[in-house]
Amino acid sequence: MARNFREDNLDALIINERCFHIPYGDEDVDAEVHHLQQYPSANNSIYIAQSCCQRDSHRKKRKHRKHKSKSQQGTSREGEEGNELNNGYEHVYSRQISTESRVSADGRDLTITQRDASNARITEILQNEDKKAHTIFCEMDELRRDEISGVCTFHETARWLKFEEDVEEEGQRWSKPYVASLPLYFLFQVRDCFTNRTVFCLDIEVNNRAGILKHILSDLCQDQLIPFEKKEEVFLTMMSQVIHLHEVTRQRNGIPLFKRTFSEIANNNRKVNVNGNLGSRGSEHNLLDGNVTNGVIHKQNTHFRKKIPADAEASNVMLATMDFISEPVVGIARLKKSIHLEDVTEVSVPTRFMVIILGSINYKNELHEIGRCISTLMADNIFQEVAYKALDKSDFLAGFDGFLDEVTVLPPTEWDPKIKIEPPNSVRDPETRRQSVKTGNFKKLLLNIDEENECGYPDAGLCRTNRIFGGFLNDVKRRKGHYLSDFKDGLHIQCIGSLFFMYFACLTPIVTFGGLFGDATDENLGVMESILGATICGIAYHVFSGQPLIILGATGPILVYETISYQLCDEWNWNYLSFRFWIGLWCCAIIIVIVAFDLSFLVRYITRFTEESFTFLIGAIFIVEAFRNIYNIKYKFPVNFHPNWQHPPDYSCHCLPPSNNSFNNITDKNITDDYFYVSNSTTNNNLYVNYSQLNYKNCLRMNGTAIGSGCGATVYKDNIYFLSIILFAGTFIVAKCCKSFKSTRFFPERVRVIISDFSIFIAIVVFCIVDYILDLPTPKLIVPDKFRPTREDRSWIIPPFNDNPKWTCIAALGPAIVATILIFMDQQITAIIVNRKEHTLVKGSAYHLDLLIVGLLIGLCSILGLPWFVAEAVLSINHVRSLSKFSKCSIPGEKPKFLGVREQRVTGILVFVLISQSIFMTPLLKHVPMPVLYGVFLFMGISSLRGLQIVQRILIFFMPKKYQPNHPYLRHVQLKRVHLFTLIQVTIN
């Protein structure tokens, strides 16, 4: 009977770097001092003892021997191994310090006792590219005997794809995936089994389960791990039928869903002879997507198969108890070519590994835990590769030692082993973990060092070429190979959701900034000019640019610049548009010079401090503007915060026409009110107004006479203002919830992804319908319905001077330099943010090309008298995130992984094509409430701030130290210095 740690009453284990040691020492040397001397690497080890008198107990339980030299230990290990195991440590493998190098496969020492040697061997194995490792689906089946019939059957009890899932038989379902928590004791048991009681059958060529079992059992008999006379009995037992959970009968309202029970399957157990034949095989055909052999249905789990990678292979772990086996024995077979064992594996996945574990019938639970340890080991991505490429037993031991080196032990007093740990949101990338064990790459992966180009900077687009237009030509060469794919990659349903989102996201600021430009420039630049300028710049940029993910738009700095320029021209009595004509041409010329001399390389000196400050500023502007606009609605629709229900407001007021009710040359602008209908007709060039329909304000404007006690009283419209707040908040909440819907557990994954991609469109449509049903005159989106300049005294082509002095063309150089700096900073900082490495863009950047296109478009807009459009950070960030690609999360328990961005130019082009058609969609757009668009503003502003370190540091101000998140900079920088840095950054903004 196998002995365990408790029976042996093991006094002490020293666990150093997650490896264990058995104490050796001399009678006159203290045990602890002895270990510090003999094991100098154990300075930070954790000493675990069963009592405070570990030294006396240690000396009584074990005879101390003189410590042998390192070379003697290495050469005499095999001879002393039996004595060591028989002296009360049957299941403990004594790891010794050895400096001997590994020898050949024929005569090498099979026990790797030094951690560095194990890691060196793992590195050597991983660097071998001769064999390809696949993802392993591991299934664990346990033998059960029917108490009545005595028939043996294997029952699937657990499975691993990345996380562990257990069968909950009472509920007849699989448990939620969870992180496997393994007892340290059983990991040591597995290590001991691998060393002393395991056979490894590597690269065998068979085509069925019987052939695999014959190889394993022959080796077990040869190593005297099982009696030879019991070989046939073990073989017949291991060939028992395998039952999976999805094959078991379930009942719903008394109606069985599948006509198989455990007893029925057991009664249909196939007879197997010694040669491994399954008896006479009848006709095989598919039934219910399963295999039928001699009347036994093998139904494959086709639903779960969809969650497994296409090239995955299976590892079948089969546990059986025998009355003649006293201690666990293990047999591991690796097939040279994977085969389908459809009568064993739950899903149609070819089997590469088979592990059989035989143990005493009295230790079923212990055998189960050993099976879990081995199955978890096979699910580990590093050990998988070692298992595929291992040459012999010692390589498996090296892989196991490497696994132990990364094991973390949780104290039993601080954690309940019954708790199932939820899969984490993010884990180390398998490829990163694989590379981290390779010498030379570890430092770069640990410090997150990027690969550098010849210029010493990770982004090749910012390398200076020292040639005229060298950077521009490199951008063209880099991007021209992806031009056709930019259109092909746009043919995806995700792009449709991004299209609707970005259309409203772009149209709203265009109309808003158009109104602001009109107020600042006396309608020289208005809504119509803003729409036309956005159409020309947007379409041209996304057709010819190198980074089409960037969205052009009007920005706050440009608005401030235009305001100051107009004020100066008004003060000096210059024609604003003509002076702006020369400023734009000078800007275009300066930008061409910048591109010619590769001056965009200066962008690489812009730090993350500047990037985050810029993004935070723009995002904060969007948030503040959203709340400011929704607050300002109350001035147009006043709210009575102190109502007097006993004396309601008196609104009685009538408008009487003047003596002469005929007016000539009255424009619609003078008489039109948004919320009062005015009937009018034109006869003989005279406009007649129905004064009875005018309100108090319009009555006075039309020279009418207002009569009534309520004339001039404030008309309260509380319902409109509060409905606007509901529309504003509702749009933001619905958009936010729909965007994060993909991470919930409702509906199939495909439905969740569609809802997430169309989140903004869904929110807009829902609350437009709400507004339409309630039928209240909330503020609506106003879009021009005629294609003409806002001012009637200007044309679409701006004259160069228009009564301005001739020397203003030279004077415009100074303001042009300032404008160029603003344009350069807006464009390039936004480009840096879009091209960040966390977005994992693969088609490259194009700083020089994009800047040149923007410069040419600014010159064109100056000639046409249109607003300037440059890269807009918030719109660009939301465009990138709306096109983010995530894994389909097929592996149970695994969270969706960010795979990159769908790099294409179709959405950008179509967005601005739709904006150009907005003039003709006025009948539809006039029903869109402005509060809904303000909610979209708020969503974009908050989304752009997500993940910014400055936002995280601001939130830390309000957190006690014990609740602060585990950010890396908090572990290396004092908290007061972090707060000081944050205050400086916020103050600059």
Side-chain angles (χ1 to χ4, degrees), residues 494 496-513 515 619 622-639 674-675 717-742 744 746-747 751-783 874-875 878-879 881-882 911 914-915 917-918 921-946:
Q494 184 182 14
I496 299 177
S498 176
L499 173 63
F500 286 111
F501 168 39
M502 294 310 301
Y503 169 67
F504 287 102
C506 293
L507 179 62
T508 305
I510 287 173
V511 174
T512 303
F513 274 100
F622 268 72
I623 296 174
V624 171
E625 285 297 315
F627 282 104
R628 187 180 67 85
N629 289 330
I630 198 67
Y631 179 79
N632 289 341
I633 294 178
K634 80 169 190 176
Y635 296 115
K636 195 170 187 178
F637 303 98
V639 178
D674 294 335
Y675 309 105
K717 299 179 180 179
D718 312 59
N719 51 352
I720 298 177
Y721 178 69
F722 289 118
L723 176 60
S724 299
I725 294 178
I726 293 174
L727 297 176
F728 168 74
T731 302
F732 170 74
I733 293 173
V734 171
K736 195 71 175 177
C737 293
C738 291
K739 193 64 179 177
S740 59
F741 194 76
K742 71 170 65 174
T744 63
F746 303 101
F747 301 110
V751 176
R752 298 198 306 266
V753 171
I754 293 177
I755 292 176
S756 178
D757 292 340
F758 288 85
S759 57
I760 299 296
F761 181 72
I762 292 173
I764 293 175
V765 170
V766 166
F767 286 94
C768 284
I769 294 175
V770 171
D771 178 78
Y772 180 79
I773 293 175
L774 297 178
D775 195 22
L776 290 177
T778 53
K780 299 298 192 296
L781 178 65
I782 301 175
V783 180
V874 172
L875 293 176
N878 282 277
H879 188 213
R881 290 180 176 171
S882 68
V911 162
L914 289 178
I915 289 175
Q917 302 301 311
S918 298
M921 294 190 293
T922 300
L924 180 63
L925 295 177
K926 70 180 182 180
H927 295 291
V928 179
M930 288 302 296
V932 171
L933 300 182
Y934 297 151
V936 176
F937 258 54
L938 179 63
F939 174 83
M940 291 191 299
I942 292 180
S943 298
S944 65
L945 299 181
R946 187 182 61 191

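No experiment lies behind these values; they were computed from the predicted model shown. Residue numbers start at 1 and run along the sequence shown. Every heavy atom of this structure was used, including side-chain atoms; hydrogens, water molecules and symmetry mates were not.
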Requested in this report: Apply side chain to side chain contact (heavy atoms under 4.5 Å, CB included) to the pair Arg881 and Arg946, showing each step before the final yes or no.
Outcome: CA-CA 11 Å; Arg881 290 180 176 171; Arg946 187 182 61 191; 3.2 Å; yes

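- Annotation: the span from Leu938 atom CG to Ile630 atom CD1 amounts to 10.0 Å, rounded to 0.5 Å.
- When every heavy atom of Ile762 is checked against every heavy atom of Ile755, the shortest pair comes out as CD1-O, 4.0 Å.
- In this structure, Thr731 and Leu727 approach most closely via the heavy-atom pair OG1-O, 2.7 Å.
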Original post:
Is there a side chain to side chain contact (heavy atoms under 4.5 Å, CB included) between Ile623 and Leu945 once you walk through the steps?
Top reply: CA-CA 10 Å; Ile623 296 174; Leu945 299 181; 3.6 Å; yes

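- Interatomic distance, OH of Tyr934 versus CD1 of Ile725, reported as 13.0 Å (0.5 Å rounding).
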Checklist line | Full working for side chain to side chain contact (heavy atoms under 4.5 Å, CB included) between Leu933 and Met930 | finding: CA-CA 5 Å; Leu933 300 182; Met930 288 302 296; 4.0 Å; yes

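- Closest heavy-atom contact between Phe728 and Gly935: CD1-N, 3.4 Å.
- By the side chain to side chain donor-acceptor pair (under 3.5 Å) test, Arg628 is found to be paired with Glu625, residues two or more places apart in sequence or in another chain being considered.
- With rounding to the nearest 0.5 angstrom, the NZ atom of Lys739 is 8.5 Å from the CG atom of Asn878.
- Although no hydrogens or angles enter the test, the distance criterion places no donor-acceptor pair under 3.5 Å between the side chain of Thr744 and the main chain of Ser740.
- Every pair passing side-chain hydrogen bond (donor to acceptor under 3.5 Å, both in side chains) that includes a residue from residues 765-775 is listed here, sequence neighbours excluded: Asp771-Thr778, Asp771-Lys780.
- Taking the six-membered ring for Trp and thresholds of 30 and 60 degrees, Phe758 and Phe500 have ring planes inclined between 30 and 60 degrees apart.
- Pro779 and Ser724 get closest at one heavy-atom pair: CD-OG, 4.0 Å.
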Step by step, work out the side chain to side chain contact (heavy atoms under 4.5 Å, CB included) result for Leu914 and Leu499. CA-CA 9 Å; Leu914 289 178; Leu499 173 63; 4.1 Å; yes

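- In the model, Ser918 has a side-chain atom that pairs as donor or acceptor with a side-chain atom of Tyr503 under 3.5 Å.
- For the atom pair CD1 (Ile915) and CD (Gln917), the distance works out to 11.0 Å, reported to the nearest 0.5 Å.
- In this structure, Tyr721 and Val639 approach most closely via the heavy-atom pair CD2-CG2, 3.3 Å.
- Separation of atoms CD1 (Ile942) and CZ (Phe937) is listed at 13.5 Å; rounding is to 0.5 Å.
- Met502 contributes atom CE, which lies 15.5 Å from atom CZ of Phe761 (distance to the nearest 0.5 angstrom).
- Shortest non-hydrogen contact noted between Ser498 and Ser882 is OG-OG, 2.8 Å.
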